[in-house]
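Notes to accompany the following structure.
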Amino acid sequence: MFFEAFFELHRGLPRQSPGSEATTRHLLSLCGPLPERPRALDLGCGPGPSALLLAAEAGGLGGDVTAVDLHDGFLDELRAAAAARGLTDRVRAVKADIGDLAHPDGSFDLVWAEGSAYNIGFATALARWKRLLAPGGTLVLSECEWTVDEPSAGVRAFWDPHYALRSTARNLAAIQAAGYRVLGIHRQPDSDWAAYYGPLGERVAAAPEPSGPQAAAALGFVREEIDVRERHGHEYGYTAYVLRPVTAGDGGGRPVRPEAAGDAAAVHAVHSAAFETPAEADLVDALRADGSWLPGLSYVAEAPDGSVAAHALLTRCTVDGVPALALAPVAAAPAVQRSGAGSAVVRALLAAAAERGENLVLVLGHPEYYGRFGFVPASRFGIKAPFEVPDEAMMALVLDDSVPVPAGTIKYPAPFGV
């Protein structure tokens with residue numbers, strides 16, 4: 001059969017996807033300190049290069065690794081390697097479907113998935129694996145993505161029938177919508193691909209004549225995969241994400257909802273209290289009366305007593321005449337600042353914009369703060385403000401990269417006065 005022949009080509013190789021010990025160590029460093037006796041789960045572990053490294057690191061803290069794969073051959077290789085390294089008591093190899101895991105909620109402090117999320121789809125992985133994390137736990141997963149705005153027909157001819165690649169911006173939007181905050185992002189270097197395709201290419205070159213049509217198909221597929229990488233490798237690559245679920249401390253447990261008819265005065269009060277001048281509060285009032293106002297894209301977060309604690313607003317702007325959204329103003333009442341109320345209302349508002357089919361959001365603000373939602377410098381897309389501003393402060397978030405991102409100068413609604 002095809003898959004038997006495919007796995008035979010990969011048997012005994014050091015890796016089953018692009019990666020390296022250096023990348024695994026870097027991603028682990030982005031997770032922050034591990035707790036005492038950490039419980040790690042490696043999903044789609046293959047022969048276990050990541051599981052073994054995690055076991056060595058977690059073992060020093062009294063922890064262990066559960067390594068999951070569906071292929072018996074890979075699990076046998078992992079067990080043998082763990083025994084050779086004296087890690088048998090730290091690594092448990094389990095045959096299971098990574099998309100249908102029986103582990104109880106909150107079972108792991110670290111869920112790891114290098115090169116395996118594609119088996120069930122990136123968005124599905126984000127949703128299904130979240131429940132496995134204990135409070136404060138971290139999800140690390142990598143995804144193959146487009147690295148150019150317009151992939152060539154040649155590379156799409158290979159990828160589109162097998163797996164729908166997306167851009168980093170699109171995946172960041174999915175991460176945000178799934179309720180995670182980003183601790184780190186790492187674009188894997190070409191050397192990680194060489195560590196995978198180098199040994200595989202040598203095996204393919206030395207492979208005997210296939211014994212049947214399924215073996216021939218498997219060999220042909222791997223040859224094509226390597227050839228596509230050689231010709232189009234600049235158009236796609238792996239990006240790894242280090243994520244943590246939004247918690248009550250991030251505002252995740254705070255009620256967030258669209259602005260109601262009776263909220264205008266409370267929203268005005270929040271902005272008046274949050275800023276030194278009434279300019280932002282007056283701006284919200286002026287936008288509410290302007291044609292740029294979009295019903296359903298003004299959101300509030302509630303305090304425990306049900307009062308309005310934070311507010312965020314999206315209104316219609318354009319880039320070179322193409323519709324986009326301006327995120328402004330955003331405010332939290334002084335009593336709830338640094339509690340996550342502002343982050344909660346921004347996340348909910350951006351998710352609402354994505355759900356209604358909006359494509360592009362623009363914001364002028366602090367890069368460190370807005371970067372956590374996936375915003376990147378707007379200049380990457382050829383977008384600029386209509387006034388002088390530091391490049392890193394004018395940011396954009398692409399919600400749907402199936403729609404071309406316009407380039408040009410932002411035109412804000414008239415109440416902004418620019």
Side-chain angles (χ1 to χ4, degrees), residues 6-31 34 38-61 63-98 101 108-120 125 129 138-144 184 186-204 222 225-226 229 237-242:
F6 180 84
F7 283 125
E8 183 61 25
L9 284 170
H10 289 74
R11 181 176 58 82
L13 296 180
R15 309 197 69 88
Q16 300 303 321
S17 66
S20 64
E21 181 175 316
T23 286
T24 301
R25 289 190 179 281
H26 177 65
L27 295 175
L28 188 59
S29 73
L30 295 175
C31 296
L34 296 175
R39 301 159 297 166
L41 176 66
D42 186 6
L43 295 172
C45 63
S50 298
L52 294 168
L53 190 152
L54 293 174
E57 295 295 324
L61 297 171
D64 54 43
V65 177
T66 300
V68 175
D69 206 287
L70 270 176
H71 185 55
D72 288 316
F74 292 156
L75 295 173
D76 289 341
E77 291 178 41
L78 172 56
R79 293 184 184 102
R85 301 187 187 192
L87 295 172
T88 300
D89 60 337
R90 297 296 184 192
V91 178
R92 186 168 72 97
V94 177
K95 183 177 182 179
D97 182 348
I98 64 172
L101 297 164
F108 300 97
D109 303 296
L110 182 62
V111 174
W112 201 273
E114 285 190 65
S116 61
Y118 78 93
N119 285 287
I120 61 173
W129 297 344
T138 304
L139 170 63
V140 178
L141 75 171
S142 60
E143 177 75 341
C144 197
H186 176 63
R187 176 66 57 79
Q188 294 183 226
D190 288 341
S191 57
D192 280 9
W193 288 83
Y196 171 47
Y197 279 141
L200 181 59
E202 292 176 3
R203 175 160 296 178
V204 167
V222 174
E225 181 184 352
I226 295 173
R229 180 64 191 176
Y238 261 100
T239 300
Y241 297 92
V242 181

I need the minimum non-hydrogen distance between [X] and [Y], along with the two atoms involved.
{"X": "Ala96", "Y": "Val68", "value": "O-CG1, 3.5 Å"}
{"X": "Arg203", "Y": "Gly12", "value": "NH1-N, 4.4 Å"}
{"X": "Leu141", "Y": "Ala117", "value": "CD1-CB, 4.0 Å"}
{"X": "His10", "Y": "Val222", "value": "CE1-CG2, 4.1 Å"}
{"X": "Leu75", "Y": "Ala67", "value": "CD2-O, 4.1 Å"}

[X] side chain to [Y] backbone, donor-acceptor under 3.5 Å:
{"X": "Arg79", "Y": "Ala93", "answer": "yes"}
{"X": "Gln188", "Y": "Thr23", "answer": "no"}
{"X": "Thr239", "Y": "Glu143", "answer": "no"}
{"X": "Asp69", "Y": "Gly46", "answer": "yes"}

* To do: For Leu78 and Leu52, run side-chain contact (heavy atoms from CB on, under 4.5 Å): C-alpha distance rounded to whole Å, both residues' side-chain angles, the deciding distance at 0.1 Å, then the answer.
  => CA-CA 8 Å; Leu78 172 56; Leu52 294 168; 3.8 Å; yes
Once rounded to the nearest 0.5 Å, what's the spacing between atom [atom1] of [X] and atom [atom2] of [Y]?
{"X": "Glu77", "Y": "Leu13", "atom1": "CD", "atom2": "CG", "result": "8.0 Å"}
{"X": "Leu53", "Y": "Arg25", "atom1": "CG", "atom2": "CZ", "result": "4.5 Å"}
{"X": "Leu54", "Y": "Asp64", "atom1": "CG", "atom2": "CG", "result": "11.5 Å"}
{"X": "Tyr118", "Y": "Ser17", "atom1": "OH", "atom2": "OG", "result": "8.0 Å"}
{"X": "Leu43", "Y": "Cys45", "atom1": "CG", "atom2": "SG", "result": "8.5 Å"}
{"X": "Leu41", "Y": "Arg92", "atom1": "CG", "atom2": "CZ", "result": "9.5 Å"}

* Stepwise, does the side-chain contact (heavy atoms from CB on, under 4.5 Å) test hold for Val242 with His186? -> CA-CA 8 Å; Val242 181; His186 176 63; over 6 Å; no
* Specify whether His71 and Phe74 have parallel, tilted or perpendicular ring planes, treating 30° as the upper limit for parallel and 60° as the lower limit for perpendicular. =>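 Plane angle over 60°, so perpendicular.
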Does some side-chain heavy atom of [Y] sit less than 4.5 Å from a side-chain heavy atom of [X]?
{"X": "Gln16", "Y": "Pro47", "result": "yes"}
{"X": "Trp129", "Y": "Ile98", "result": "yes"}
{"X": "Pro14", "Y": "Pro199", "result": "yes"}
{"X": "Val65", "Y": "Trp112", "result": "no"}
{"X": "Pro38", "Y": "Leu110", "result": "no"}

* To do: Determine, stepwise, if the pair Arg15 / Glu114 fulfils side-chain contact (heavy atoms from CB on, under 4.5 Å).
  => CA-CA 11 Å; Arg15 309 197 69 88; Glu114 285 190 65; 4.1 Å; yes
* To do: May I ask you to check whether over 12 heavy atoms, not counting those of Asp190, lie within 6.0 Å of atom CG?
  =>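 Open: at most 12 neighbouring heavy atoms sit under 6.0 Å from CG of Asp190.
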* **Carboxylate-amine/guanidinium proximity below 4.0 Å for Arg187 and Asp192** =>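 No, Arg187 and Asp192 are not salt-bridged.
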